[in-house]
Chemist: 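One structure, pasted below without further comment.
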Amino acid sequence: MHTANRTTRPRWDGITKTNDESKFKHMNNQPHIVIIGAGFAGIECTKALKGSGARITLIDRQNHHLFQPLLYQVATAALSAASIAAPIRKVFSKRKDVHVLMDEVTRIDPDAMRVTLSSGKQIDADYIVLAAGLRSVYFGHDDWETHAPPLKSIADAIEIRRRFVSAFESAELIDDNDDRSRHLTFVVIGAGPTGVEMAGAFAELSRKALRDEYRRFDTSSARVILIEGQDRVLNAYAPETSARAKKDLEELGVEVILNTTVDEMDAMGVTLSNGQRIETETIVWAAGVAGESIGSSLDCERTRDQKLKVEPNLSIPTPPNIFAAGDIAYCIDPKSNEPVPGVAPAAIQMGTFVGRTIKSELKSNTTNRSPFAYRDKGSLATIGRNRAVAEIAGRRFAGYPAFLLWAIIHIYFLIGYRNRIMTMLQWFWQYVHYDRSARVIPTKRPEP
Ligand SMILES: Cc1cc2nc3c(=O)[nH]c(=O)nc-3n(C[C@H](O)[C@H](O)[C@H](O)COP(=O)(O)OP(=O)(O)OC[C@H]3O[C@@H](n4cnc5c(N)ncnc54)[C@H](O)[C@@H]3O)c2cc1C
């Protein structure tokens, strides 16, 4: 017999002023830093605080750090989920100053310098670092999420993979041609890097990896449609790069629809702003993101997309012992006079910067803070096998060199040797065999 509350989480009473867990007792008088979010910024901030003498509590609602740039590869069956996720506890198992908690922060009280968790636990801090990243938003159409999942978590990626693989399985069972073509139509909304990568991978999968496996239809007849509201794909890149990416996508068989938004969506398809109706059951949302809602606990001006307008040193205006780092922080780069982009290298740099700032304050007992300066190392996006675009140090290139560089950089930034080796092996196998073996999809348990 199953126990009903296997997943019930403990509730905590009272406020943790000191770290009462026995392994931390010797550090109870040390300054306490609470870091919210173990994404790129939170992980790097924690690393930079090594040797600061402070106690660090790192809180994330997931038990793993997720390498989001490769999430689309899990959604398209190229990589297994474990290859791009690293258990946070494992990452800091040797750091006795770091205490990892898996819970959601529901409130930050800036006056009391206290965070409240969904379990009820309250934790006091000397410094708080908010590194909670972004969430997906549907521009007032929250009901669309059921039809068009976003790509933000492992659960999202596995759901998209389930829908994609299931669509082919349904098509094999169906006799009616219209019904089959609806199942074999895939719509990706939003042509930023995520949308472009998803659409390219869907097209490659249906035209190459699945080609010999279905008997009743030709998998290359599947339609992959990429919809973008602006006049080009990869809008943050130079126009030449966008044009090259569009050409690559079209060569792979992706239909790119520009200057068009989605007006309506239901379980059977989408209606576009140009009046066109596309019948489909598999839609992916890669269109909108906004700062995590926990940021609204703070008395800090926010942008339209709910990012926190931080000071040049990445603290919020008041109290100054609260910092924001990574995607949730909005700051202007003093060199370019442009907002620092919401990309992994920026989050890594901000996390390191905040960690170093706090460490130096604790060591010197002064608050002489310097401004954050972003080092732009370039941008890369991949479209498919041997197809990628790159903009690095003012140079633009595409094709195999960009694809190879993209692969090397992504391997380098993955956390943990195991994940790097696993990913390299899986990519090598796919490159040689066009095989996408991470195609296992969850099925429901049979009723007892
Ligand atoms: C699909 C996808 C593809 C991408 N591709 C690229 C790419 O190719 N190149 C690139 O440079 N960037 C890419 N990005 C962007 C990049 O992943 C982000 O810029 C980066 O992850 C930001 O890091 P972060 O630490 O600010 O936030 P995140 O990495 O998002 O981490 C935030 C963490 O905070 C946790 N959290 C949030 N709220 C709470 C709460 N209330 N309580 C507890 N925990 C909380 C979350 O669980 C998460 O672990 C991509 C993003 C996505 C989604």
Side-chain angles (χ1 to χ4, degrees), residues 5-39 41-43 45-46 49 52-65 87-89 91-92 95-135 291-300 302 306 308 310 314-329 351 354-355 357-359 361-362 367:
N5 59 351
R6 259 190 309 174
T7 54
T8 304
R9 312 211 49 213
R11 289 201 63 79
W12 298 72
D13 300 314
I15 298 163
T16 305
K17 287 212 172 63
T18 57
N19 226 323
D20 47 5
E21 289 75 4
S22 57
K23 284 187 185 167
F24 280 88
K25 273 193 174 144
H26 66 288
M27 297 190 83
N28 272 348
N29 297 323
Q30 308 292 25
H32 187 201
I33 302 162
V34 169
I35 300 174
I36 304 164
I43 290 275
C45 184
T46 310
L49 281 162
S52 65
R55 290 184 293 125
I56 298 154
T57 302
L58 176 58
I59 308 165
D60 201 297
R61 59 181 170 215
Q62 304 177 141
N63 77 337
H64 53 270
H65 163 79
I88 303 164
R89 280 186 198 288
V91 176
F92 294 109
R95 286 276 302 277
K96 302 300 176 206
D97 55 333
V98 178
H99 186 199
V100 176
L101 292 178
M102 180 183 153
D103 205 343
E104 174 147 19
V105 176
T106 52
R107 189 161 176 264
I108 303 170
D109 179 344
D111 298 324
M113 287 294 287
R114 179 174 298 157
V115 300
T116 305
L117 312 187
S118 68
S119 58
K121 185 177 175 77
Q122 292 187 309
I123 305 174
D124 282 355
D126 298 294
Y127 287 92
I128 296 172
V129 181
L130 181 57
L134 304 178
R135 68 198 153 95
E292 275 287 350
S293 41
I294 186 65
S296 61
S297 315
L298 300 170
D299 185 16
C300 177
R302 281 171 281 154
Q306 302 304 306
L308 298 168
V310 290
L314 303 187
S315 77
I316 64 166
T318 178
N321 280 8
I322 300 184
F323 290 87
D327 279 1
I328 201 168
V354 170
T357 303
I358 298 174
K359 186 173 168 179
E361 270 178 32
L362 292 176
T367 48

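In what follows, every heavy atom counts, from backbone to side chain, and hydrogens, waters and symmetry copies are set aside.
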Chemist: Might you point out which heavy atoms bring Val354 and Ala325 nearest each other, and give the distance in Å?
Modeler: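 Reported closest heavy-atom pair: CG2-CB, 4.1 Å.
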Chemist: Kindly say whether Ser119 contributes a backbone atom to a donor-acceptor pair with the side chain of Asp103 at under 3.5 angstrom?
Modeler: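 Indeed, once roles are kept as given, a pair shorter than 3.5 Å links the two residues.
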Chemist: Considering all heavy atoms of both residues, which atom of Ala131 and which atom of Ala41 are nearest to each other, and what is their separation?
Modeler: CB-CB, 3.9 Å
Chemist: Where is the tightest heavy-atom contact between Ile328 and Leu130, given as atom of each residue plus distance?
Modeler: CG2-O, 3.7 Å
Chemist: Can you measure from CG (Leu308) to SG (Cys300) and round to the nearest 0.5 angstrom?
Modeler: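 The SG atom of Cys300 is 4.5 Å from CG of Leu308, to the nearest 0.5 Å.
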Chemist: Among residues at least two apart in sequence or on other chains, which ones pass side-chain contact (heavy atoms from CB on, under 4.5 Å) with Ala125?
Modeler: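 Val34, Ile128.
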Chemist: Can you name the closest pair of heavy atoms from Gly42 and Ile35 and give their distance?
Modeler: CA-CG2, 3.8 Å
Chemist: First locate atom OG of Ser315, then atom CD1 of Ile358, and finally report the distance between them rounded to the nearest 0.5 Å.
Modeler: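 So the OG of Ser315 and the CD1 of Ile358 are separated by 10.0 Å.
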Chemist: How long is the straight-line distance from CD1 of Ile316 back to CZ of Phe323, given to the nearest 0.5 Å?
Modeler: 10.0 Å
Chemist: Calculate, to the nearest 0.5 Å, the distance between atoms CG and CZ belonging to Leu58 and Arg95 respectively.
Modeler: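 So the gap between those two atoms works out to 10.0 Å.
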Chemist: Check Ser52 against Lys359 and note the closest heavy-atom contact, atom names and distance.
Modeler: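 Heavy atoms of Ser52 and Lys359 come nearest at CB-CG, 3.7 Å.
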Chemist: Please lay out, stage by stage, how Phe92 and Ile43 fare under the test side chain to side chain contact (heavy atoms under 4.5 Å, CB included).
Modeler: CA-CA 9 Å; Phe92 294 109; Ile43 290 275; 3.7 Å; yes
Chemist: Does some side-chain heavy atom of Met113 sit less than 4.5 Å from a side-chain heavy atom of Ile322?
Modeler: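 They are in contact (side-chain heavy atoms under 4.5 Å apart), so the answer is yes.
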Chemist: Could you give me the CA-CA distance, side-chain angles and deciding distance for Asp109 and Gln122, then say whether side chain to side chain contact (heavy atoms under 4.5 Å, CB included) is met?
Modeler: CA-CA 10 Å; Asp109 179 344; Gln122 292 187 309; over 6 Å; no
Chemist: Counting neighbours of CG on Asp299 that are heavy atoms of other residues, nucleotides or ligands and sit closer than 6.0 Å, is the number greater than 12?
Modeler: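 Atom CG in Asp299 is not packed in, count stays at 12 or less.
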Chemist: Whether the side chain of Arg55 engages the backbone of Ile33 through a donor-acceptor N/O pair (distance < 3.5 Å, no angle test) should be reported.
Modeler: no
Chemist: What's the spacing between Arg107 CZ and Ser296 OG if we round to 0.5 Å?
Modeler: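 Answer rounded to 0.5 Å: 10.5 Å.
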Chemist: Quick one: CD1 on Ile59 to CE on Met102, what's the gap to the nearest 0.5 Å?
Modeler: 13.0 Å
Chemist: Which of these passes side-chain hydrogen bond (donor to acceptor under 3.5 Å, both in side chains) with His32: Asp126, Thr57, Asp124?
Modeler: Thr57
Chemist: Where do Pro110 and Ser297 come nearest, in terms of heavy atoms and distance?
Modeler: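 Of all heavy-atom pairs spanning Pro110 and Ser297, the closest is CD-O, 4.1 Å.
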